[in-house]
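Contents: one structure, followed by commentary.
Start at 1 and go down the list; that is how both ligands and their atoms are numbered.
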Amino acid sequence: MFRILVLGSAAGGGFPQWNCNSAACNLARAGEARPRTQSSLAVSADGEHWFLFNASPDLRQQINDNPPLHPKRDLRHSPIAGAVLTNADVDHIGGLLNLRESTPLVIHATGRVLATLRANTIFDVLNPDFVERRRMTLGQAFEALTPDGAGAGMEIEPFAVPGKVALYLEDPEAGANFGTHEEDTVGLHVRSRETGSHFLYVPGCAAMTPELAQRLSNAPLVLFDGTLWQDDEMIEAGVGVKTGKRMGHMSMSGADGTIAAFEGLQVGRKIFVHINNTNPTLLEDSVERRAAQAAGWEIGFDGMEISV
Ligand code: MLT
Ligand code: MN
(Lines give C-alpha, C1' and ligand atoms only; values in the text may rest on other atoms or scores of the structure.)
(Ligands and ions follow the chains in the order given, each with its own letter.)
Protein backbone atom coordinates (compact mmCIF):
# COMPACT_ATOMS: atom_id res chain seq x y z
CA MET A 1 0.00 0.00 0.00
CA PHE A 2 1.20 3.49 -0.80
CA ARG A 3 0.76 6.38 1.59
CA ILE A 4 0.60 9.67 -0.24
CA LEU A 5 0.74 12.99 1.60
CA VAL A 6 -0.15 16.12 -0.31
CA LEU A 7 2.48 18.48 1.12
CA GLY A 8 1.49 21.37 -1.12
CA SER A 9 -1.55 21.61 -3.38
CA ALA A 10 -1.04 25.07 -4.90
CA ALA A 11 0.77 26.00 -8.09
CA GLY A 12 3.79 28.30 -8.17
CA GLY A 13 3.33 31.23 -5.80
CA GLY A 14 1.05 29.34 -3.41
CA PHE A 15 -2.22 30.60 -1.99
CA PRO A 16 -2.07 33.39 -0.97
CA GLN A 17 0.77 34.50 -3.22
CA TRP A 18 3.13 37.01 -1.64
CA ASN A 19 2.28 39.94 -3.95
CA CYS A 20 -1.34 39.11 -4.79
CA ASN A 21 -4.01 41.41 -3.47
CA SER A 22 -6.94 39.57 -5.07
CA ALA A 23 -10.15 38.92 -3.15
CA ALA A 24 -9.36 35.20 -3.02
CA CYS A 25 -5.82 35.68 -1.71
CA ASN A 26 -7.13 38.05 0.93
CA LEU A 27 -9.71 35.43 1.99
CA ALA A 28 -6.82 33.00 2.43
CA ARG A 29 -4.92 35.57 4.52
CA ALA A 30 -8.01 36.11 6.67
CA GLY A 31 -8.45 32.39 7.29
CA GLU A 32 -11.69 32.35 5.30
CA ALA A 33 -10.25 30.20 2.51
CA ARG A 34 -7.84 27.33 3.07
CA PRO A 35 -4.25 28.48 2.41
CA ARG A 36 -2.06 26.24 0.29
CA THR A 37 1.66 25.79 -0.11
CA GLN A 38 3.40 25.00 -3.38
CA SER A 39 3.23 21.81 -5.35
CA SER A 40 4.68 18.68 -3.75
CA LEU A 41 3.81 15.19 -2.54
CA ALA A 42 5.51 12.81 -0.14
CA VAL A 43 5.09 9.12 -0.98
CA SER A 44 5.99 6.03 1.01
CA ALA A 45 5.50 2.31 0.38
CA ASP A 46 6.75 1.19 3.79
CA GLY A 47 5.64 4.06 6.04
CA GLU A 48 9.27 4.64 6.94
CA HIS A 49 11.09 5.94 3.87
CA TRP A 50 9.48 8.87 2.09
CA PHE A 51 10.17 10.27 -1.36
CA LEU A 52 9.36 13.84 -2.21
CA PHE A 53 7.65 14.14 -5.56
CA ASN A 54 8.92 17.61 -6.38
CA ALA A 55 10.56 19.86 -3.82
CA SER A 56 8.78 23.17 -3.45
CA PRO A 57 10.19 26.39 -2.02
CA ASP A 58 7.79 25.77 0.91
CA LEU A 59 9.42 22.48 1.81
CA ARG A 60 10.70 23.61 5.19
CA GLN A 61 7.16 24.47 6.33
CA GLN A 62 5.79 21.30 4.72
CA ILE A 63 8.22 19.12 6.66
CA ASN A 64 7.33 20.90 9.88
CA ASP A 65 3.60 20.44 9.17
CA ASN A 66 3.86 16.69 8.48
CA PRO A 67 5.07 14.54 11.43
CA PRO A 68 5.91 11.50 9.25
CA LEU A 69 8.72 13.63 7.81
CA HIS A 70 10.25 14.60 11.16
CA PRO A 71 13.56 13.07 12.28
CA LYS A 72 12.96 9.78 14.12
CA ARG A 73 16.31 8.85 15.67
CA ASP A 74 19.84 10.03 16.38
CA LEU A 75 20.87 13.66 16.26
CA ARG A 76 20.74 13.88 12.50
CA HIS A 77 18.10 11.88 10.64
CA SER A 78 15.33 12.32 8.10
CA PRO A 79 12.69 9.88 6.85
CA ILE A 80 13.09 11.64 3.47
CA ALA A 81 15.06 9.21 1.34
CA GLY A 82 15.07 11.21 -1.85
CA ALA A 83 13.24 13.37 -4.34
CA VAL A 84 11.78 12.67 -7.76
CA LEU A 85 11.38 15.72 -10.00
CA THR A 86 8.84 16.13 -12.79
CA ASN A 87 10.25 19.35 -14.26
CA ALA A 88 12.67 22.14 -13.45
CA ASP A 89 10.08 24.79 -12.53
CA VAL A 90 10.95 26.91 -9.52
CA ASP A 91 7.98 25.51 -7.58
CA HIS A 92 9.33 21.98 -8.11
CA ILE A 93 13.06 22.34 -7.50
CA GLY A 94 13.45 25.40 -5.26
CA GLY A 95 12.88 23.28 -2.14
CA LEU A 96 15.96 21.18 -2.77
CA LEU A 97 17.91 24.01 -1.18
CA ASN A 98 16.18 23.19 2.12
CA LEU A 99 17.81 19.76 2.01
CA ARG A 100 21.34 21.06 2.40
CA GLU A 101 23.55 19.63 5.13
CA SER A 102 25.05 16.21 4.89
CA THR A 103 22.06 13.90 5.00
CA PRO A 104 22.14 11.14 2.39
CA LEU A 105 19.51 11.47 -0.33
CA VAL A 106 18.93 10.36 -3.90
CA ILE A 107 17.56 12.82 -6.46
CA HIS A 108 15.91 11.26 -9.50
CA ALA A 109 15.29 13.46 -12.55
CA THR A 110 15.55 13.41 -16.34
CA GLY A 111 18.79 14.40 -18.04
CA ARG A 112 17.31 17.79 -18.91
CA VAL A 113 16.33 18.57 -15.32
CA LEU A 114 19.67 17.29 -14.00
CA ALA A 115 21.43 19.59 -16.48
CA THR A 116 19.54 22.53 -15.00
CA LEU A 117 20.59 21.53 -11.48
CA ARG A 118 24.17 21.19 -12.69
CA ALA A 119 24.11 24.58 -14.41
CA ASN A 120 22.87 26.29 -11.24
CA THR A 121 25.73 25.64 -8.87
CA ILE A 122 23.79 26.82 -5.82
CA PHE A 123 22.34 23.27 -5.80
CA ASP A 124 25.81 22.00 -4.94
CA VAL A 125 24.96 22.95 -1.35
CA LEU A 126 23.43 19.47 -1.41
CA ASN A 127 26.74 17.91 -0.56
CA PRO A 128 27.66 15.66 -3.52
CA ASP A 129 29.37 13.27 -1.10
CA PHE A 130 25.98 12.47 0.39
CA VAL A 131 23.42 13.37 -2.26
CA GLU A 132 23.37 11.23 -5.35
CA ARG A 133 21.78 12.47 -8.59
CA ARG A 134 20.36 9.73 -10.73
CA ARG A 135 19.18 10.14 -14.27
CA MET A 136 15.78 8.70 -15.07
CA THR A 137 14.94 7.63 -18.61
CA LEU A 138 11.55 8.13 -20.20
CA GLY A 139 9.57 4.92 -20.38
CA GLN A 140 11.97 3.03 -18.11
CA ALA A 141 10.76 2.03 -14.68
CA PHE A 142 13.34 2.22 -11.91
CA GLU A 143 13.24 1.18 -8.31
CA ALA A 144 13.42 4.03 -5.84
CA LEU A 145 16.36 3.25 -3.58
CA THR A 146 16.97 4.42 -0.07
CA PRO A 147 20.37 6.10 0.40
CA ASP A 148 21.79 2.86 1.81
CA GLY A 149 20.93 1.16 -1.49
CA ALA A 150 17.95 -0.92 -0.35
CA GLY A 151 14.71 -1.02 -2.32
CA ALA A 152 11.91 1.16 -0.95
CA GLY A 153 9.05 -0.91 -2.44
CA MET A 154 8.37 1.61 -5.15
CA GLU A 155 8.86 1.31 -8.88
CA ILE A 156 8.61 4.57 -10.80
CA GLU A 157 8.20 4.99 -14.54
CA PRO A 158 8.62 8.52 -15.87
CA PHE A 159 6.79 9.31 -19.10
CA ALA A 160 6.71 12.42 -21.29
CA VAL A 161 3.63 14.59 -21.22
CA PRO A 162 2.89 17.68 -23.32
CA GLY A 163 4.29 20.68 -21.50
CA LYS A 164 6.69 23.57 -21.66
CA VAL A 165 10.27 24.13 -20.57
CA ALA A 166 10.61 26.06 -17.28
CA LEU A 167 9.83 29.78 -17.57
CA TYR A 168 13.41 30.88 -16.88
CA LEU A 169 14.74 28.50 -19.57
CA GLU A 170 12.43 29.65 -22.36
CA ASP A 171 14.28 30.45 -25.57
CA PRO A 172 12.32 33.14 -27.42
CA GLU A 173 14.31 32.38 -30.61
CA ALA A 174 13.26 28.73 -30.61
CA GLY A 175 9.78 29.17 -32.06
CA ALA A 176 6.37 28.33 -30.67
CA ASN A 177 7.55 25.78 -28.10
CA PHE A 178 10.36 27.96 -26.65
CA GLY A 179 12.85 25.15 -27.06
CA THR A 180 10.84 22.61 -25.07
CA HIS A 181 12.17 19.05 -25.09
CA GLU A 182 10.20 15.93 -24.23
CA GLU A 183 12.25 15.42 -21.06
CA ASP A 184 11.20 18.82 -19.71
CA THR A 185 7.81 17.73 -18.33
CA VAL A 186 7.13 14.22 -17.16
CA GLY A 187 4.43 12.31 -15.36
CA LEU A 188 5.21 9.49 -12.93
CA HIS A 189 3.60 6.06 -12.91
CA VAL A 190 4.26 4.55 -9.50
CA ARG A 191 3.79 0.86 -8.82
CA SER A 192 4.35 -1.62 -6.05
CA ARG A 193 5.72 -4.88 -7.38
CA GLU A 194 4.66 -6.56 -4.17
CA THR A 195 1.03 -5.53 -3.95
CA GLY A 196 0.29 -4.45 -7.52
CA SER A 197 -1.12 -1.13 -6.32
CA HIS A 198 -0.33 1.85 -8.52
CA PHE A 199 -1.11 5.47 -9.21
CA LEU A 200 -0.13 8.32 -11.52
CA TYR A 201 1.14 11.81 -10.73
CA VAL A 202 0.94 14.44 -13.47
CA PRO A 203 1.22 17.91 -11.91
CA GLY A 204 1.83 19.70 -15.22
CA CYS A 205 0.19 18.82 -18.51
CA ALA A 206 -0.56 20.95 -21.58
CA ALA A 207 -2.91 18.58 -23.40
CA MET A 208 -4.51 15.15 -23.31
CA THR A 209 -3.03 12.91 -25.99
CA PRO A 210 -4.33 9.45 -26.95
CA GLU A 211 -1.20 7.88 -25.38
CA LEU A 212 -1.74 9.72 -22.13
CA ALA A 213 -5.44 8.84 -22.06
CA GLN A 214 -4.52 5.21 -22.52
CA ARG A 215 -1.98 5.34 -19.73
CA LEU A 216 -4.45 6.93 -17.34
CA SER A 217 -7.30 4.58 -18.23
CA ASN A 218 -8.56 2.43 -15.37
CA ALA A 219 -5.96 3.74 -12.92
CA PRO A 220 -7.14 3.55 -9.31
CA LEU A 221 -5.78 7.03 -8.56
CA VAL A 222 -4.54 10.02 -10.56
CA LEU A 223 -3.22 13.30 -9.16
CA PHE A 224 -3.39 15.77 -12.03
CA ASP A 225 -2.59 19.35 -13.09
CA GLY A 226 -5.32 21.62 -11.71
CA THR A 227 -3.62 24.94 -12.44
CA LEU A 228 -6.51 26.87 -13.98
CA TRP A 229 -10.24 26.56 -14.25
CA GLN A 230 -10.30 28.29 -17.62
CA ASP A 231 -7.58 29.18 -20.07
CA ASP A 232 -7.86 32.99 -19.87
CA GLU A 233 -8.58 33.28 -16.15
CA MET A 234 -5.36 35.13 -15.26
CA ILE A 235 -6.07 37.70 -17.96
CA GLU A 236 -9.72 37.99 -16.86
CA ALA A 237 -8.63 38.50 -13.26
CA GLY A 238 -6.22 41.22 -14.38
CA VAL A 239 -3.23 39.52 -12.74
CA GLY A 240 -1.37 38.36 -15.83
CA VAL A 241 -1.12 38.39 -19.58
CA LYS A 242 -0.69 34.68 -20.19
CA THR A 243 -3.18 31.96 -20.98
CA GLY A 244 -2.90 28.52 -19.47
CA LYS A 245 -1.91 27.17 -22.88
CA ARG A 246 0.97 29.64 -23.04
CA MET A 247 2.15 28.38 -19.63
CA GLY A 248 1.88 24.71 -20.60
CA HIS A 249 -1.24 23.87 -18.66
CA MET A 250 -4.59 22.54 -19.84
CA SER A 251 -7.54 23.93 -17.91
CA MET A 252 -10.13 22.10 -15.85
CA SER A 253 -13.20 23.27 -17.73
CA GLY A 254 -14.20 23.52 -21.39
CA ALA A 255 -14.49 21.14 -24.29
CA ASP A 256 -10.72 20.49 -24.39
CA GLY A 257 -10.37 20.71 -20.60
CA THR A 258 -9.26 18.10 -18.10
CA ILE A 259 -12.68 17.26 -16.73
CA ALA A 260 -13.97 16.49 -20.24
CA ALA A 261 -10.76 14.64 -21.16
CA PHE A 262 -11.11 12.24 -18.22
CA GLU A 263 -14.70 11.32 -19.02
CA GLY A 264 -14.80 7.65 -19.90
CA LEU A 265 -11.28 6.91 -18.63
CA GLN A 266 -12.64 5.01 -15.61
CA VAL A 267 -10.16 6.47 -13.14
CA GLY A 268 -10.97 5.46 -9.57
CA ARG A 269 -9.97 8.65 -7.73
CA LYS A 270 -9.17 11.90 -9.53
CA ILE A 271 -7.49 14.63 -7.51
CA PHE A 272 -6.45 18.08 -8.72
CA VAL A 273 -3.11 19.37 -7.47
CA HIS A 274 -0.89 22.33 -8.54
CA ILE A 275 -3.88 24.69 -8.27
CA ASN A 276 -3.25 28.34 -9.10
CA ASN A 277 -4.42 31.11 -6.78
CA THR A 278 -6.76 32.42 -9.50
CA ASN A 279 -8.62 29.10 -9.76
CA PRO A 280 -12.15 29.51 -8.36
CA THR A 281 -12.28 25.86 -7.27
CA LEU A 282 -10.06 26.93 -4.36
CA LEU A 283 -13.11 28.58 -2.84
CA GLU A 284 -15.28 26.06 -1.09
CA ASP A 285 -18.60 27.67 -1.98
CA SER A 286 -17.87 28.35 -5.65
CA VAL A 287 -20.01 26.99 -8.48
CA GLU A 288 -16.81 25.87 -10.20
CA ARG A 289 -15.84 23.71 -7.23
CA ARG A 290 -19.27 22.14 -7.20
CA ALA A 291 -19.03 21.47 -10.94
CA ALA A 292 -15.61 19.78 -10.54
CA GLN A 293 -16.89 17.68 -7.66
CA ALA A 294 -20.04 16.75 -9.55
CA ALA A 295 -17.74 15.43 -12.31
CA GLY A 296 -16.06 13.18 -9.74
CA TRP A 297 -12.98 15.32 -8.98
CA GLU A 298 -11.49 16.07 -5.60
CA ILE A 299 -9.71 19.35 -4.96
CA GLY A 300 -6.39 18.51 -3.32
CA PHE A 301 -5.46 20.30 -0.10
CA ASP A 302 -2.37 20.51 2.06
CA GLY A 303 -2.31 17.66 4.56
CA MET A 304 -4.55 15.43 2.44
CA GLU A 305 -3.54 11.82 2.94
CA ILE A 306 -4.39 9.15 0.40
CA SER A 307 -3.79 5.41 0.49
CA VAL A 308 -3.78 3.26 -2.58
C1 MLT B 1 4.19 26.59 -14.02
O2 MLT B 1 3.74 25.60 -13.45
O3 MLT B 1 3.71 27.00 -15.08
C4 MLT B 1 5.38 27.28 -13.43
O5 MLT B 1 5.65 26.78 -12.16
C6 MLT B 1 5.16 28.75 -13.43
C7 MLT B 1 6.28 29.48 -12.77
O8 MLT B 1 7.46 29.20 -13.03
O9 MLT B 1 5.99 30.37 -11.95
MN1 MN C 1 4.34 25.12 -11.47
Side-chain angles (χ1 to χ4, degrees), residues 6-20 22 25 35-41 52-59 61-62 83-97 109-110 112-113 116-117 119-120 122-123 158 160-172 174 176-188 201-208 223-235 237 239-252 257-258 271-279 281-282 299-302:
V6 178
L7 301 183
S9 52
F15 182 57
Q17 176 174 306
W18 73 283
N19 61 349
C20 184
S22 69
C25 282
R36 284 170 158 80
T37 60
Q38 296 168 83
S39 177
S40 176
L41 307 179
L52 302 175
F53 284 15
N54 292 318
S56 100
D58 300 319
L59 181 59
Q61 178 190 336
Q62 294 167 341
V84 189
L85 308 174
T86 65
N87 62 25
D89 286 0
V90 173
D91 53 352
H92 286 164
I93 65 170
L96 292 175
L97 299 177
T110 62
R112 288 274 289 185
V113 173
T116 299
L117 298 183
N120 291 275
I122 193 170
F123 290 104
V161 295
K164 184 187 68 61
V165 69
L167 181 60
Y168 60 91
L169 295 173
E170 286 183 5
D171 177 1
N177 78 357
F178 304 100
T180 299
H181 183 281
E182 66 168 3
E183 280 196 350
D184 285 325
T185 308
V186 305
L188 303 175
Y201 173 55
V202 187
C205 183
M208 183 65 76
L223 298 112
F224 201 84
D225 183 346
T227 308
L228 300 180
W229 173 255
Q230 67 182 43
D231 195 47
D232 62 353
E233 106 194 5
M234 292 179 47
I235 300 166
V239 299
V241 294
K242 286 184 188 166
T243 60
K245 291 201 175 85
R246 168 65 183 83
M247 298 189 299
H249 298 288
M250 59 193 293
S251 297
M252 293 181 178
T258 308
I271 302 175
F272 281 124
V273 291
H274 192 279
I275 308 166
N276 195 54
N277 51 66
T278 50
N279 189 322
T281 64
L282 288 179
I299 308 298
F301 56 91
D302 293 19

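Listed by atom number, the atoms of ligand 1 under 4.0 Å from Asp91 heavy atoms are 5 (O). Below 4.0 Å from some heavy atom of Met247 lie the following atoms of ligand 1, by number and element: 3 (O).
Judged as a side-chain contact (heavy atoms from CB on, under 4.5 Å), and not counting sequence neighbours, the contacts of Thr116 are Ala88, Asn120, Tyr168, Leu169. Residues satisfying the ring pair (Phe, Tyr, Trp, His ring centres under 6.0 Å) criterion with Phe15, sequence neighbours excluded, are absent altogether.
At least one N/O/S atom of His274, from backbone or side chain, sits under 2.8 Å from the Mn ion (ligand 2).
Close to ligand 1: His274, with a non-hydrogen atom less than 4.0 angstrom away.
Residues Gln38 and Leu59 fail the side-chain proximity criterion, which asks for heavy atoms closer than 4.5 Å. Contact check for Arg36 versus Leu282: side-chain heavy atoms found under the 4.5 Å cut-off.
With no hydrogens or angles considered, no side-chain donor-acceptor pair links Ser251 and Gln230 at under 3.5 Å. Asn54 and His274 form no side-chain donor-acceptor contact under 3.5 Å, judged by distance and modelled atom types alone.
With a 4.0 Å heavy-atom cut-off, ligand 1 is reached by no atom of Val90.
The single protein non-hydrogen atom nearest to atom 6 (C) of ligand 1 is Asp89 OD2, 4.6 Å, given as residue, atom name and distance. Remark: minimum distance from atom 9 (O) of ligand 1 to any protein heavy atom is reached at Leu167 CD2, 4.5 Å. Residue, atom and distance of the protein heavy atom nearest to atom 3 (O) of ligand 1 are His249 NE2, 2.8 Å.
The N, O or S atom of Asp91 with the smallest distance to the Mn ion (ligand 2) is OD2.
Under a 4.0 Å N-O distance rule, the pair Arg112/Glu182 does not qualify as a salt bridge.
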